[in-house]
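Values below: every heavy atom of this structure, side chains too, minus hydrogens, waters and symmetry copies. Here the structure is a predicted model, which means the values were calculated and not measured.
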Amino acid sequence: IEQLLQVLSVKSLDDLEDIIGGAGEAIADLKQLFSLAEKFGYSEWIQFDASVVRGLAYYTGIVFEGFDRKGKLRAICGGGRYDRLLSTYGGDDFPACGFGFGDAVIVELLKEKDLLPELGQEVENIVCALDKDLQGAAATVATALRDKGQTVDLVLESKPLKWVFKRAARVNARRLVLVGKTEWEDGSVSVKVLSSGEQFQVKLSDLE
């Protein structure tokens, strides 16, 4: 137990090698990683820590966690190497590496450094199908608006208009785009400008 705890407390590859020897694939992989990190110029950003353990069994190589410089918070992100994950789901083995990112931790870090911007929630368009059979048509409208660089909140569920208007007010939407059966048969949609209450029909091709 004491020897195991000693290994887990090691913070350098040289010390690890002194304890368990230099043979073995793990030591070779770690040495290669740190050598490459030095060549790429980011070795100062990484530190060996034998106590890092990821709780998922699909990892096949080095695992890592990312922390704030002061080490005050828990890991911002964590992941590792997994070369046999795809074959688990029926694909071919393929070298891969990835990580999961913790939004809660990065928000706390931004708050601490007074870097968290105040972003008002604002959506230009809310697109809603008036019939569940028109959900595909509503998706087409949303895509057309997004292609023109506009922000869109597409209502994916069958919701009453009262709910849609409340949603629009909550996100400070500029207008509501309604996809109704009669209008859609004509290639048009209904547009309601929420600030003025103005409502009109427009062809999808002319919708700006």
Side-chain angles (χ1 to χ4, degrees), residues 1-123 135 139 142-143 146-147 149 151-157 167 170-171:
I1 291 173
E2 288 178 1
Q3 188 176 11
L4 177 60
L5 291 174
Q6 182 187 7
V7 171
L8 292 178
S9 65
V10 165
K11 298 296 181 184
S12 80
L13 274 176
D14 290 338
D15 290 344
L16 181 66
E17 199 168 0
D18 288 342
I19 297 172
I20 66 174
E25 187 178 352
I27 294 288
D29 283 350
L30 286 164
K31 280 186 172 180
Q32 183 183 33
L33 172 68
F34 278 83
S35 174
L36 288 171
E38 189 169 350
K39 290 180 174 66
F40 276 101
Y42 56 81
S43 58
E44 64 177 288
W45 292 89
I46 63 173
Q47 175 184 323
F48 175 72
D49 185 347
S51 67
V52 172
V53 176
R54 304 298 297 169
L56 298 170
Y58 54 69
Y59 290 116
T60 58
I62 296 169
V63 293
F64 59 86
E65 291 181 341
F67 294 86
D68 61 290
R69 276 277 191 166
K70 292 181 180 178
K72 292 173 61 177
L73 302 173
R74 60 189 175 89
I76 295 170
C77 66
R81 183 70 178 262
Y82 38 87
D83 291 349
R84 293 188 289 274
L85 183 61
L86 293 181
S87 62
T88 304
Y89 297 98
D92 296 327
D93 283 336
F94 197 84
C97 181
F99 65 91
F101 193 91
D103 59 328
V105 182
I106 198 68
V107 167
E108 289 304 312
L109 188 59
L110 290 171
K111 281 180 182 177
E112 181 182 302
K113 295 186 173 296
D114 200 25
L115 292 173
L116 191 65
E118 292 185 13
L119 300 175
Q121 193 173 26
E122 184 174 339
V123 174
Q135 288 285 11
T143 300
R146 287 169 179 154
D147 286 343
T151 54
V152 179
D153 188 354
L154 175 60
V155 180
L156 296 173
E157 301 171 277
R167 171 69 180 165
R170 191 162 62 249
V171 299

Rounded to the nearest 0.5 Å, how far apart are [atom1] of [X] and [atom2] of [Y]?
{"X": "D29", "Y": "R81", "atom1": "CG", "atom2": "CZ", "result": "8.0 Å"}
{"X": "D103", "Y": "L110", "atom1": "CG", "atom2": "CG", "result": "11.0 Å"}
{"X": "E17", "Y": "D15", "atom1": "CD", "atom2": "CG", "result": "10.5 Å"}
{"X": "R74", "Y": "D68", "atom1": "CZ", "atom2": "CG", "result": "11.5 Å"}
{"X": "K31", "Y": "L33", "atom1": "NZ", "atom2": "CG", "result": "13.5 Å"}

Output yes when a side-chain donor or acceptor of [X] lies under 3.5 Å from a complementary backbone atom of [Y], and no otherwise.
{"X": "R146", "Y": "V152", "result": "yes"}
{"X": "Q47", "Y": "K11", "result": "no"}
{"X": "D83", "Y": "T60", "result": "no"}

Legend entry - Nearest heavy atoms of I76 and L109, plus distance in Å: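 So the two residues come closest at CD1-CD2, 3.8 Å.
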Do [X] and [Y] have side chains that approach each other closer than 4.5 Å (heavy atoms only, starting at C-beta)?
{"X": "C97", "Y": "F64", "answer": "yes"}
{"X": "V7", "Y": "L16", "answer": "yes"}
{"X": "F101", "Y": "C77", "answer": "yes"}
{"X": "R167", "Y": "V155", "answer": "no"}
{"X": "T88", "Y": "Y58", "answer": "no"}

Under 6.0 Å from the [atom1] atom of [X], do we count more than 12 heavy atoms belonging to anything else shown?
{"X": "E38", "atom1": "CD", "answer": "no"}
{"X": "F94", "atom1": "CZ", "answer": "no"}
{"X": "R84", "atom1": "CZ", "answer": "no"}
{"X": "Y42", "atom1": "OH", "answer": "yes"}

Legend entry - Full working for side-chain contact (heavy atoms from CB on, under 4.5 Å) between L30 and F48: CA-CA 9 Å; L30 286 164; F48 175 72; 3.7 Å; yes
Legend entry - Evaluation steps, side-chain contact (heavy atoms from CB on, under 4.5 Å), between V53 and V63: CA-CA 7 Å; V53 176; V63 293; over 6 Å; no
Legend entry - Aromatic ring pairing Y59/Y82, orientation class (parallel under 30°, perpendicular over 60°, tilted between):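 It falls in the tilted class, 30° to 60°.
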Inset, instruction - Taking only Lys NZ, Arg NE, NH1 and NH2, and the carboxylate oxygens of Asp or Glu, determine whether E65 and R54 approach each other closer than 4.0 Å. - result: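 Between R54 and E65 there is a salt bridge, with a charged N closer than 4.0 Å to a carboxylate O.
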